[in-house]
Amino acid sequence: MENNNDVIKVIDEKYPKMSKGHKAIARFIKEDYDQAVFMTAAKIGEKLSVSESTVVRFASALGYSGYPEFQKKLAEWVKNKLNVVQKVGAKYGQSTQSEILSSVLNGDIEKINDTLHNLDPAAFETAVNIILEAKTIYIVGIRSCEPLADFMSFYLNMIRGNVVLLRTTSVSEMFEQMIRIDEKDAIVGISFPRYSMRTLKAMEFANDRNAKVISITDTVHSPMCLYSSCNLFARSDMVSIVDSLVAPLSVINALVVALCLKAPEAVKNNLVALEEAWNNYQVYLNDEINFIDEEPMLNYPLVKNGQEDEEKWEET
């Protein structure tokens with residue numbers, strides 16, 4: 001078969017048509033490749049409560065001659081992954097700190113420009129409308145994508161209500177958090193290589209429930225596109241030991257801005273209510289400072305609809 005040296009890519013391509021048992025093996029290998037690479041077919045079968053022959057058939061279904069060849073290819077993939085640090089050392093080993101800074105930032109600029117020229121404006125507008133119209137928005141991002149999911153959830157909560165950030169370490173727990181998802185809801189799945197099986201399963205579950213599915217991923221070949229009705233592509237190559245997330249973060253930032261402009265009155269009302277809550281309960285008094293050389297803002301009056309209430313806080 002073509003391109004069978006990249007065993008994880010082969011798994012991603014074959015995953016949608018796999019049987020339930022084969023999908024369980026695929027998820028284990030994707031999530032725990034560092035363990036799987038040293039395990040026999042019998043050991044994997046024992047761990048996942050499937051037969052050894054099922055694991056062997058899994059390897060054959062991927063296009064390998066048998067489990068030994070599959071295990072060899074998996075070992076090569078893991079070795080290449082672990083060599084990333086060495087590759088980074090070879091690339092930047094003789095560079096000054098200033099040169100490293102310039103190289104990494106210029107690489108990020110290139111990724112943003114590439115994303116700008118290749119992201120489909122129609123898909124972006126569709127995503128904005130889906131997010132505005134959905135009853136509940138679910139957001140999922142695992143591992144390195146978790147900060148992106150956190151960022152998006154934080155700002156969507158300011159713009160609109162009913163935002164659920166899926167936090168979990170297992171697929172079953174994820175399903176429990178989104179068990180009520182239906183055709184009135186939407187989910188945003190964020191994943192880049194190495195793709196998360198948990199994110200993919202959440203999107204598959206949402207798709208089966210007829211919810212709108214938005215993916216934020218890298219290319220049309222991403223497995224995230226299998227269950228998504230709206231795909232936002234952002235370039236995210238590994239330029240160092242960590243993945244570059246500036247382009248997908250910029251896309252999420254653009255979504256937030258577009259949502260604010262699309263429903264300015266609703267956003268304004270939400271922010272006014274939030275500001276009132278901050279003022280009434282002094283939420284930011286001991287957390288954030290927005291003033292210099294000013295008296296501390298003690299004894300805040302209660303406010304309602306932007307007007308000061310006649311009743312002041314009474315000293316206790």
K.L.:
Do side-chain atoms of Ser60 reach the backbone of Val56 as a donor and acceptor pair under 3.5 angstrom?
P.N.:
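Pair found, side chain donor or acceptor close to backbone of Val56.
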K.L.:
Does a side-chain N-to-carboxylate-O contact under 4.0 Å join Lys184 and Glu133?
P.N.:
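The answer is no: the pair does not qualify as a salt bridge.
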K.L.:
Answer whether the closest heavy-atom distance between the side chains of Arg235 and Asn118 falls below 4.5 Å.
P.N.:
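No; the side chains remain at least 4.5 Å from each other.
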K.L.:
Under 6.0 Å from the ring centre and within 45 degrees of the ring axis: does the NZ or CZ of Lys23 meet both conditions for the six-membered ring of Tyr15?
P.N.:
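Flagged: Lys23 positioned over aromatic ring of Tyr15.
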K.L.:
For Ser51 and Thr54, does a side-chain donor sit closer than 3.5 Å to a side-chain acceptor?
P.N.:
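Yes, Thr54 and Ser51 have a side-chain donor paired with an acceptor closer than 3.5 Å.
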K.L.:
Tell me the closest heavy-atom pair linking His117 and Asn113, and the distance in Å.
P.N.:
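Heavy atoms only, the tightest pair is ND1-O, 2.8 Å.
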K.L.:
Less than 3.5 Å apart, any donor N or O on the side chain of Tyr195 or Asp218 sitting next to an acceptor on the other?
P.N.:
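Result is yes, a qualifying pair exists.
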K.L.:
Tell me if the NZ atom of Lys135 is crowded by more than 12 foreign heavy atoms within 6.0 Å.
P.N.:
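Enclosed: over 12 neighbouring heavy atoms sit under 6.0 Å from NZ of Lys135.
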K.L.:
Is the number of heavy atoms from other residues, nucleotides or ligands under 6.0 Å of Phe124 CZ greater than 12?
P.N.:
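More than 12 within 6.0 Å, yes.
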K.L.:
Does Leu249 offer a backbone N or O that forms a donor-acceptor pair with the side chain of Asn253 under 3.5 Å?
P.N.:
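A pair under 3.5 Å: no.
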K.L.:
Taking CD in Glu183 as the centre, count heavy atoms belonging to other residues, nucleotides or ligands within less than 6.0 Å. Is the count above 12?
P.N.:
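Yes, CD of Glu183 has more than 12 neighbouring heavy atoms, counting only those of other groups under 6.0 Å.
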K.L.:
Any ion pair linking Arg167 and Asp150 (charged N to carboxylate O, less than 4.0 Å)?
P.N.:
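Here Asp150 pairs with Arg167 in a salt bridge, since their nearest N and O are under 4.0 Å apart.
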K.L.:
Verify the neighbour count for atom CZ of Arg180: are there more than 12 heavy atoms of other residues, nucleotides or ligands below 6.0 Å?
P.N.:
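Atom CZ in Arg180 is not packed in, count stays at 12 or less.
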K.L.:
Check whether the side chains of Ser215 and Thr217 place a donor and an acceptor atom closer than 3.5 Å, and report yes or no.
P.N.:
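There is no such pair (donor and acceptor under 3.5 Å, judged by atom type) between the side chains of Ser215 and Thr217.
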K.L.:
What do you reckon, are the aromatic ring centroids of Phe70 and Phe58 less than 6.0 Å apart?
P.N.:
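Close enough - the centres of the two rings lie under 6.0 Å apart.
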K.L.:
Indicate yes or no: does Lys201 engage Glu204 in a salt bridge with an N to O separation below 4.0 Å.
P.N.:
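Looking at Glu204 together with Lys201, the answer is yes, because their closest N to O distance falls below 4.0 Å.
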K.L.:
With the threshold set at 4.0 Å, does a side-chain nitrogen-carboxylate oxygen contact exist between Asp185 and Arg209?
P.N.:
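Looking at Arg209 together with Asp185, the answer is no, because their closest N to O distance does not fall below 4.0 Å.
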